[in-house]
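These values consider heavy atoms only, across backbone and side chains, with no hydrogens, waters or symmetry-generated copies.
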Amino acid sequence: MIKTLASHIKGYVKASIATPLFMILEVIMEMLIPLLISSMIDQGINHTVIENGVEVSSPDMGHIVLMGGLMLLCALVALFGGAMGGVFGAKASAGFARNLRSSMFDNIQTFSFANIDRFSTAGLVTRMTTDVTNVQNAYQMILRICFRAPVSLIVAMTITMMINAKLASIYLVAVLFLGVVMFFLIRKTHKYFTQVFEKYDELNANVQENVKSIRVVKAFVREHHEISKFERATLNLYILFLKAEKLMVSVSPLMMITVYASIIAISWFGANMIVGGELTAGELTSMLAYCMNILMNLMMIAFIFIMLTMSLASGKRIAEVLKEKATIRNPENPDYDVPDGSIDFENVVFSYSEKSEKPVLNNINLHIKSGETIGIVGGTGSSKTSLINLIGRLYDVSEGCVKVGGKDVRSYDLEVLRDKVSVVLQKNVLFSGTILDNLRWGNENATEEECVEACKLACADDFIRDFPDGYNTRIEQGGTNVSGGQKQRLCIARALLKKPLILILDDSTSAVDTATDAKIRRAFAEEIPNTTKLIISQRISSVEGADRIVVMENGEINAVGTHDELMKSCKIYSETYTAQTVGAGDFDKKGEK
């Protein structure tokens, strides 16, 4: 994990090195100030001279002014070091976070559907936001405090040992005691923080689902239900954070008790040593100054370890995404030529998981000629969508092979293959931007005339022109300001702009009326006759005119033929057709004899 994260410091190495150097400069200057105070007291304020054989107090103003000037200089240099350390630390940590987010996002773009299935959308959002922010804060703490505090602690301990080793042993006992406390505290809090970020995923999923489906929530008056779900999610997060915070807060009183006990011990034993002549007043003053310095730095180290404990859980989650390898990748020598739109399924078996007891698709053999129009029908869960996902290699087959243009899809360059296969889903997404911006997702170099032509084929041109701004009408995020049928037609037009060899319509006209559906199919037959068209639908009227119709049932092909042939030979098809013609009915409700 550390190696994976550390590789993303690239580009900010100089800032990462400069930060601790400036922090060390600040520490050195701060450590000199108590020594200068000691000298000011012993050799300046308590300066004595012999007059007439008698020792008389005579403060040395020159020495006092010199030490005061050096203290001011040290303070200014320390201020400069701290400020520059902060600037470079912020630059390094922010750059590190940017690199992490960019790499995660880039890697997610390479994921196959199988990879995406492993991570929830909410989980990926949490990793790219909350988790990266935790790691960013921890990295800045490492560069600044993690270098500053230990160096300051070591220097202060060394100087106090040089001043008076016997008195300095009090610090050593305090440091060892707090070190043991922190060790057990970190072990305990790590468990809680690991659970916290899992709960963050659940919370984000709850928010995302609610906002995305707010219309449904309001339509069914389920606001109170959603509020109670959200409150449960936040309560779980609160309980875990409370447990972790209670442990973290327990450090503060222990620290303060240790600090004041050390001050009392130093004052008591130091005063006795001054009386005995073993210690000067200036040395005791500097020892007390170092006492606060040592113990406050120890508190900083404790805080660093708590931050690192929290960020460790986040770092593991980030590394999981960065290390995830796409299950579908280009072959070593990919084929860049797709000859035509023919499709062949040869003994295909497919499962979403190797652990699945039963395959989703079993023993699929189907041969489609280039330019054919194929209808695919079947009940919910009959694996129609799973079948067409294999064509663009969104998933790989478990057994057998899928061929496009006579070649195994696994031999093609992924971008080339998917550029020749356009898929229009039932729930396709529109992005924020103008209608033209959305259409050009299909072809970024398409002219406005080409966009208009594609919209005419998809029966979208008329309603677009009814908008005040026409093709420059702005689409809100997710296409919330257009109807379901309008959204589907825009998505069909977008797919047509790719000029694909294979066009797949996955129940993508379910939100349009039958007359418009018929117009779209007629336009396809007349304007793109050489494009292979696969139409998935629950509505038999949408596939009735296809060259052939495939009837799916339980992940297998039940029958293949024209509408007339299936009416005679396929009971499922004929009963469903009768049910849809006479009354409501589909492949999930078989017609009765």
Side-chain angles (χ1 to χ4, degrees), residues 1-20 85-144 146 193-194 196-198 200-201 203-205 207-208 211-212 307-308 310-330 334 393-394 413-416 418-419 429-433 437-438 440-441 444-445 477-478:
M1 179 194 76
I2 301 297
K3 186 177 179 181
T4 301
L5 297 180
S7 65
H8 291 81
I9 302 171
K10 187 178 180 181
Y12 299 93
V13 175
K14 289 181 180 178
S16 297
I17 293 172
T19 303
V87 169
F88 283 107
K91 182 180 179 181
S93 60
F96 177 47
R98 187 188 76 166
N99 288 346
L100 284 175
R101 287 194 178 99
S102 296
S103 294
M104 288 173 72
F105 189 81
D106 291 346
N107 199 37
I108 289 168
Q109 300 311 302
T110 69
F111 285 0
S112 67
F113 281 16
N115 293 113
I116 294 170
D117 290 343
R118 283 193 57 202
F119 301 96
S120 68
T121 303
L124 290 173
V125 170
T126 305
R127 290 167 205 249
M128 292 187 68
T129 52
T130 305
D131 287 328
V132 172
T133 300
N134 286 337
V135 171
Q136 176 184 347
N137 292 337
Y139 186 58
Q140 187 170 18
M141 294 288 285
I142 289 170
L143 292 179
R144 296 187 64 198
C146 205
F193 282 126
T194 301
V196 158
F197 294 113
E198 292 175 359
Y200 261 127
D201 287 351
L203 185 67
N204 281 344
V207 173
Q208 187 178 47
V211 173
K212 190 175 180 181
M307 282 289 294
L308 290 177
M310 186 166 63
S311 65
L312 185 63
S314 292
K316 286 180 179 178
R317 287 158 53 83
I318 292 169
E320 282 179 5
V321 178
L322 293 172
K323 289 179 179 179
E324 181 77 6
K325 299 297 182 185
T327 57
I328 295 177
R329 285 176 277 182
N330 272 343
R393 207 185 167 202
L394 299 176
D413 175 79
L414 280 171
E415 189 173 332
V416 168
R418 290 172 184 172
D419 203 41
V429 175
L430 294 176
F431 299 89
S432 53
D437 291 336
N438 273 276
R440 286 178 176 141
W441 271 68
E444 60 182 350
N445 299 315
Q477 185 178 11

Okay, side chain of [X], backbone of [Y]: is any donor-acceptor separation there less than 3.5 Å?
X: N107; Y: K323; answer: no
X: D131; Y: S314; answer: no
X: D437; Y: S432; answer: no
X: S93; Y: Q140; answer: no
X: S7; Y: T4; answer: yes

Once rounded to the nearest 0.5 Å, what's the spacing between atom [atom1] of [X] and atom [atom2] of [Y]?
X: K10; Y: S16; atom1: NZ; atom2: OG; result: 14.0 Å
X: T19; Y: I142; atom1: OG1; atom2: CD1; result: 12.0 Å
X: N99; Y: Q136; atom1: CG; atom2: CD; result: 11.0 Å
X: M104; Y: I318; atom1: CE; atom2: CD1; result: 5.5 Å
X: F111; Y: I108; atom1: CZ; atom2: CD1; result: 5.5 Å
X: T327; Y: K325; atom1: OG1; atom2: NZ; result: 13.0 Å

What do you reckon, is CD of Q109 surrounded by more than 12 foreign heavy atoms closer than 6.0 Å? yes
Parallel, tilted or perpendicular: which describes the rings of F431 and W441, with under 30° parallel and over 60° perpendicular? parallel
Nearest heavy-atom pair of [X] and [Y]: which atoms, and what distance?
X: H8; Y: F96; result: O-CD1, 3.6 Å
X: K91; Y: A15; result: CD-CB, 4.3 Å
X: A326; Y: T110; result: CB-O, 3.2 Å
X: L322; Y: S103; result: CD2-CB, 3.7 Å
X: V125; Y: T129; result: O-OG1, 2.6 Å

Evaluate side-chain contact (heavy atoms from CB on, under 4.5 Å) for R317 paired with T126, printing each intermediate quantity in order. CA-CA 9 Å; R317 287 158 53 83; T126 305; 3.5 Å; yes
Checking Y139 against I9 for the side-chain contact (heavy atoms from CB on, under 4.5 Å) test, could you report, in this order, the C-alpha distance in whole Å, the side-chain angles of both residues, the deciding distance, and whether it holds? CA-CA 10 Å; Y139 186 58; I9 302 171; 3.5 Å; yes
Could you tell me which residues satisfy salt bridge (charged side-chain N to carboxylate O under 4.0 Å, His left out) with R393, sequence neighbours excluded, listed by chain and number?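 Residues passing salt bridge (charged side-chain N to carboxylate O under 4.0 Å, His left out) with R393: D396.
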M128 and L100, any side-chain heavy atoms less than 4.5 Å apart: no
Could you tell me whether the side chain of F88 reaches within less than 4.5 Å of the side chain of I17, counting heavy atoms only?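 They are not in contact (no side-chain heavy atoms under 4.5 Å apart), so the answer is no.
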For residues T133 and R101, is any side-chain donor paired with an opposing acceptor at under 3.5 Å? yes
